[in-house]
2 protein chains.
Amino acid sequence: MAGMAEAKKPGSRVDVATHREVAAMLGRFEHRYTAGRRRLVDVLGGAGRPLSLPEVLAADEQLSQSSAYRNLDVLERSGVIRRLATGGEYAYFELSEPLLGHHHHLICVDCGSVTDVELDDHVERAVDDALHEVAAKARFQPLRHSLDLHGHCAACA
Amino acid sequence: MAGMAEAKKPGSRVDVATHREVAAMLGRFEHRYTAGRRRLVDVLGGAGRPLSLPEVLAADEQLSQSSAYRNLDVLERSGVIRRLATGGEYAYFELSEPLLGHHHHLICVDCGSVTDVELDDHVERAVDDALHEVAAKARFQPLRHSLDLHGHCAACA
DNA sequence: TTGCTTGCAAATGATTTGCACTGCT
DNA sequence: AGCAGTGCAAATCATTTGCAAGCAA
C-alpha cells in the first residue's frame with residue numbers, strides 16, 4: 001500500500017483522472033479550475049459521503065464561505081457536483097453521478113446526515129422503466145430519479 | 001352527480017371521513033382541529049397535488065402566513081401532512097400517505113411544480129426489499145422511502 | 001488590460017418567533 | 001381562569017450578492 005501510488009497528488013484526496021475530468025467539465029462552460037474549486041472537489045471527493053456547507057468549510061480552513069457557495073454553484077451548473085435537498089437545515093453536496101456512479105441515500109431524520117448506497121441493477125432497471133412509463137403519460141421529460149430512504153441512522157437510533 | 005352526495009360539507013373539498021381521521025390524528029397529540037387547520041386540510045386535500053405556501057395562501061384568502069406556517073408544522077408533526085424538500089425555493093405540502101396513499105412525484109426542475117404518480121405494486125415491493133437490505137447492512141432504521149423523478153413538466157418543455 | 005475569481009460585508013427572502021389578544025373548555 | 005390558537009410585526013439564518021482587490025491569459 002505504501003509504495004503503491006494511486007495517482008493522487010500529495011495533499012489531494014482525489015485521483016488525477018477525476019481532476020482531469022472535472023477540468024474538462026468546467027472547460028466546457030468556460031470556467032477555470034482554480035485552487036478554490038480544486039479544494040472543494042478534494043473535500044467532496046475525499047469525504048465518501050455528501051457534506052453540508054459547514055462540514056465542507058470545516059474540512060478545509062482555507063475556504064471562505066461566500067466563495068465556497070459561489071463555487072459550489074459553478075460546479076453544480078457544470079455538472080461536477082450535485083446539491084441534495086434533504087429537508088434538513090442545510091443543503092448537502094457530493095460529486096455528481098458521472099464521477100461517482102449512480103447511487104442512493106440513507107437520510108437520517110434526526111441528525112440530517114447522509115450515507116451513499118447502491119442498489120441491484122435489476123431493481124434500478126425496474127424503477128427506471130416504471131418511472132419512464134408514468135412520465136410518458138404525464139408528458140414529463142425525465143432527467144434523473146432520486147430514491148432516498150429516510151429513517152434513523154445507527155448513531156441516532 | 002348533482003344529487004349524489006359525496007359526504008362533503010358545503011364549502012369543503014375534503015370528505016367527512018378524512019376530516020374525522022385528521023381530527024383523530026390531531027387529538028392523539030392533544031391538538032385541536034380549529035377552523036384554520038381545517039381550512040389548510042381543505043386546501044391541500046382539494047388541490048390533488050402538493051402546494052407551496054404561496055399557493056396555499058392564494059387558495060384561501062382567510063389564511064394568514066404565520067399561522068399557516070405554524071399550523072402546517074402542527075399538522076406535519078401530527079402526521080396529517082408531509083413536507084416535501086424539492087430543492088426549489090419553497091417547501092411543498094400535501095396530505096400524508098395514510099390519508100392519500102403511497103405515491104411518488106414528478107418534480108419540474110424549471111418551475112418547481114410537483115405532480116403525484118403511483119407505481120406498480122410489483123415495483124414498489126422490489127424497491128422496498130432492496131432498500132431494507134442495504135439499510136440493514138448500515139444499521140439504519142427505515143421510516144419511509146421517497147422516489148421522485150426530476151425533469152421538465154409538460155408546460156415547461 | 002480584460003475579465004474571471006476572491007473575500008469581506010451587507011442584503012435577501014423563506015421561515016420562525018415574541019407578544020398581546022381571542023376564544024375554547 | 002387557564003391555556004391553546006391567532007395575527008401582526010420583528011427576528012432568524014442559510015444562502016446570495018455588491019464591490020474593491022487579486023490573478024491568469
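No experiment lies behind these values; they were computed from the predicted model shown. A note on names: the letters A, B, ... follow the listed sequences, proteins ahead of strands, and every chain is numbered from 1.
Cluster annotation: B/L72 and B/V14 are assigned to the same hydrophobic cluster (Ile/Leu/Val/Met/Phe/Trp/Tyr, side-chain heavy-atom contacts under 4.5 Å, transitive).
Checking C/dT15, D/dA4, C/dT6 against the side-chain heavy atoms of B/R32 singles out D/dA4 as nearest. Minimum atom distance to the side chain of B/T34 is reached by D/dT6, of the listed D/dT6, C/dT15, C/dT6.
What you find for A/L149 and B/A135 is that their closest heavy atoms are CD2-CB, 3.7 Å. Between B/F140 and A/G151, the closest heavy-atom pair is CZ-N, 3.3 Å.
Salt-bridge formation is detected for the pair A/R77/A/D73: a Lys NZ or Arg NE/NH1/NH2 atom is positioned less than 4.0 Å from an Asp or Glu carboxylate oxygen. Using a 4.0 Å cut-off between charged side-chain N and carboxylate O, A/E61 and A/R39 make no salt bridge. A salt bridge links A/R82 and A/E97; the closest N-O separation between the charged side-chain nitrogens and carboxylate oxygens is under 4.0 Å.
Look at NE2 on B/H31: it is 15 Å from P on D/dC3, rounded to the nearest Å. Going from atom CD of B/E55 over to atom P of C/dT15 covers 12 Å, rounded to whole Å. Whole-Å rounding puts the A/L26 CG to C/dC4 P distance at 15 Å. Rounded to whole angstrom, the span from the OH atom of B/Y90 across to the P atom of C/dA14 amounts to 4 Å. Atom pair A/L53:CG and C/dG7:P shows a separation of 13 Å (rounding to whole Å applied). A/L57 places its CG atom 12 Å from the C1' atom of D/dA14, with the value rounded to the nearest Å. With rounding to whole Å, B/L40 atom CG is found 13 Å from D/dG5 atom P. One atom, CD of B/Q62, and another, C1' of D/dG5, lie 16 Å apart when rounded to the nearest Å.
For the helix from C/dT1-D/dA25 to C/dT25-D/dA1, the axis fitted to the five pairs at one end and the axis fitted to the five pairs at the other end meet at an angle of 20° (nearest 10 degrees).
Within residues 66-78 of chain A, the residues having any heavy atom closer than 4.0 Å to DNA chain D are, in order of number, A/S66, A/Y69, A/R70. Of the residues in residues 105-115 of chain B, none lies under 4.0 Å from DNA chain C by heavy-atom distance.
Judged by the 6.0 Å and 45° rule, B/R38 forms a cation-pi pair with B/Y33.
Proximity of B/H105 to B/E94: side-chain heavy atoms (C-beta onward) are separated by under 4.5 Å at one or more points.
Nucleic acid contact for A/Q65: base, since at least one base atom lies under 4.0 Å from a heavy atom of the residue.
Between the side chains of B/E124 and B/H102, a donor-acceptor pair is found at a separation under 3.5 Å.
Annotation: A/H104 is in aromatic contact with A/H145 [ring centroid separation under 6.0 Å].
Classified by interplanar angle (parallel below 30°, tilted 30° to 60°, perpendicular above 60°), the ring pair A/H31/A/F29 is parallel.
Mapped onto DNA chain D by nearest heavy atom, B/G36 and A/R83 fall at different nucleotides, with B/G36 at the one closer to the 5' end.
Here CZ of A/R49 is found 12.5 Å from CG of A/L106. Values are rounded to the nearest 0.5 Å.
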